[in-house]
Amino acid sequence: GTLIYIRGAGSADVQLTRVSREGTAVPVDSGWSAAVNSLALSPDGRRLSVGAGPGVGALSIWVKQLDRGPATRLTFGAQDRRPAWTPDGRTISFIRDSGNGGNVYARAADGTGTDRLVASIDRPVQEVALSPDGRWLVAARRDGVLTCWAVGGARDLPAWEVKAHGGHLGARDIDIDPAGYVLSAGWDKTLKITELATGRLVREIPTPERANWNACYRPGGRQVALSC
């Protein structure tokens, strides 16, 4: 497997880089650049969805064909970021900031159809993740609360909410493994593992002082990767 990450985030000439398990780093497409602030690799590994734009009020979701294929703009909401793929690779969910909240929308990855409201949230949102079976969506809020919705259920009635993290920006990053456990990284210097079905805290793991709070499960869910 490989890792794709952003080098130089926040500038207009960020470089997306692919890194092998042996540590070899290769630019994804030296002929393409954008002000990328978030990204997600498709389940088949052939496409990237990115949140990109010069700043607040100018953010959109794009789909980039790997490695050197075209980049196509998917959304036009001006405040769209943090994409997440459905397991079949056909749909992308994303956060659309609005005032003091952040709704979650979904759009077909091929650009057909219109944006569809998935969840309505009255607080600022940091990150969203979809369960591997596509049935559940979890949002990490800036106040440290994790909120879970049944996909296709009530947009304003979550299945559960739990305060998982403290710190000035709460929960920073989340992922869901095939066994049904939510991994969340917080500004309180902890990793939390929460049961997807109930919201029950299963385990708390202190993180290294130098960690910058990006965390995910490795394929299969038996190991956790944390950026430092």
Side-chain angles (χ1 to χ4, degrees), residues 1-10 14-19 27-29 32-53 59-67 69-77 79-97 102-111 115-116 118-119 121 125-140 146 148-149 151 171-178 182-185 196 212-221 224-227:
T2 59
L3 169 73
I4 294 180
Y5 70 95
I6 303 169
R7 174 177 292 174
V14 303
Q15 185 178 52
L16 299 183
T17 303
R18 186 191 297 271
V19 182
V28 170
D29 185 345
W32 180 77
S33 63
V36 176
N37 71 358
S38 54
L39 60 83
L41 185 65
S42 66
D44 63 7
R46 297 179 179 179
R47 294 165 293 169
L48 274 179
S49 56
V50 301
L59 294 173
S60 301
I61 304 299
W62 294 69
V63 175
K64 174 74 169 71
Q65 303 295 324
L66 295 178
D67 278 343
T72 304
R73 187 174 180 178
L74 185 68
T75 72
F76 297 82
Q79 300 188 79
D80 303 337
R81 58 184 179 86
R82 294 291 176 182
W85 294 84
T86 53
D88 60 9
R90 299 175 61 183
T91 305
I92 297 173
S93 296
F94 57 92
I95 299 168
R96 176 169 292 165
D97 294 319
N103 294 328
V104 180
Y105 284 83
R107 182 73 181 268
D110 63 4
D115 301 342
R116 174 174 56 86
V118 177
I121 308 172
V125 182
Q126 295 282 67
E127 183 79 74
V128 294
L130 284 159
S131 62
D133 62 9
R135 296 175 55 198
W136 303 95
L137 181 143
V138 178
L146 301 182
C148 177
W149 283 267
V151 174
R172 172 65 182 85
D173 214 355
I174 53 175
D175 195 13
I176 306 173
D177 78 347
V182 181
L183 170 70
S184 59
L196 178 61
N212 69 2
W213 324 129
N214 292 113
C216 65
Y217 286 110
R218 294 190 65 179
V224 171
L226 177 67
S227 63

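We number each residue from 1, following the sequence as shown. The figures that follow rest on heavy atoms only: side chains count, while hydrogens, waters and symmetry mates do not.
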| query | When rounded to the nearest 0.5 angstrom, what distance separates CG in Leu48 from CZ in Arg18? | reply | 7.5 Å
| request: Could you tell me whether the side chain of Arg107 and the main chain of Ala109 form a donor-acceptor pair under 3.5 Å? | output: no
| task | Taking the side chain as every heavy atom from C-beta outward, state whether Ile95 and Arg81 have any atom pair closer than 4.5 Å. | result | yes
| task | Give, for atom CG of Leu183 and atom CG of Leu196, the distance between the pair rounded to the nearest 0.5 Å. | result | 12.5 Å
| remark: In terms of heavy-atom contacts, Trp62 and Arg73 come closest through CE3-N, 3.3 Å
| query | Looking only at heavy atoms, which two atoms of Val125 and Ala139 are closest? And how far apart? | reply | CG1-CB, 4.1 Å
| Sub-4.5 Å side-chain heavy-atom contact between Asp115 and Arg96 | yes
| field | Atom of Cys148, atom of Trp136 and distance for their closest heavy-atom approach | value | SG-CE3, 3.5 Å
| note | Output for pair (Asp29 CG, Thr17 OG1), nearest 0.5 Å, gives 11.5 Å
| query | Are side-chain heavy atoms of Ser38 and Pro83 found at a separation under 4.5 Å? | reply | yes
| query | Say you draw a straight line from CD1 of Ile176 to CD1 of Ile174; how long is it, rounded to the nearest 0.5 Å? | reply | 6.5 Å
| task | Output the distance between atom CG (Leu130) and atom CG (Asp175), rounded to the nearest 0.5 Å. | result | 10.5 Å
| request: Report yes or no: does Thr86 contribute a side-chain atom to a donor-acceptor pair with the main-chain N or O of Thr91 at less than 3.5 Å? | output: yes
| Taking C-beta and beyond as the side chain, do Trp32 and Leu16 meet within less than 4.5 Å on heavy atoms? | yes
| How close do Trp85 and Ala40 get, heavy atom to heavy atom, and via which atoms? | NE1-O, 3.0 Å
| Are any non-hydrogen side-chain atoms of Ser93 and Leu137 less than 4.5 angstrom apart? | yes
| query | Do you know the tightest heavy-atom contact between Asp173 and Glu127? | reply | OD1-OE1, 2.9 Å
| Min side-chain heavy-atom separation Pro87-Asp133 under 4.5 Å | no
| said: Does any part of the side chain of Lys64, heavy atoms only, come nearer than 4.5 Å to the side chain of Leu39, both counted from C-beta? | reply: no
| said: With heavy-atom distances below 4.5 Å as the criterion, would you say the side chains of Ile121 and Val104 are in contact? | reply: yes
| message | With a 6.0 Å cut-off (strictly less than), is the heavy-atom count around CZ of Arg90, excluding the residue itself, greater than 12? | response | no
| query | Got a second to check how far Leu41's CG is from Arg46's CZ, nearest 0.5 Å? | reply | 12.0 Å
| note | All heavy atoms of Gly45 vs all of Leu66, minimum pair found to be O-CD1, 3.6 Å
| query | Donor-acceptor pair, Trp149 side chain versus Val118 backbone, under 3.5 Å? | reply | no
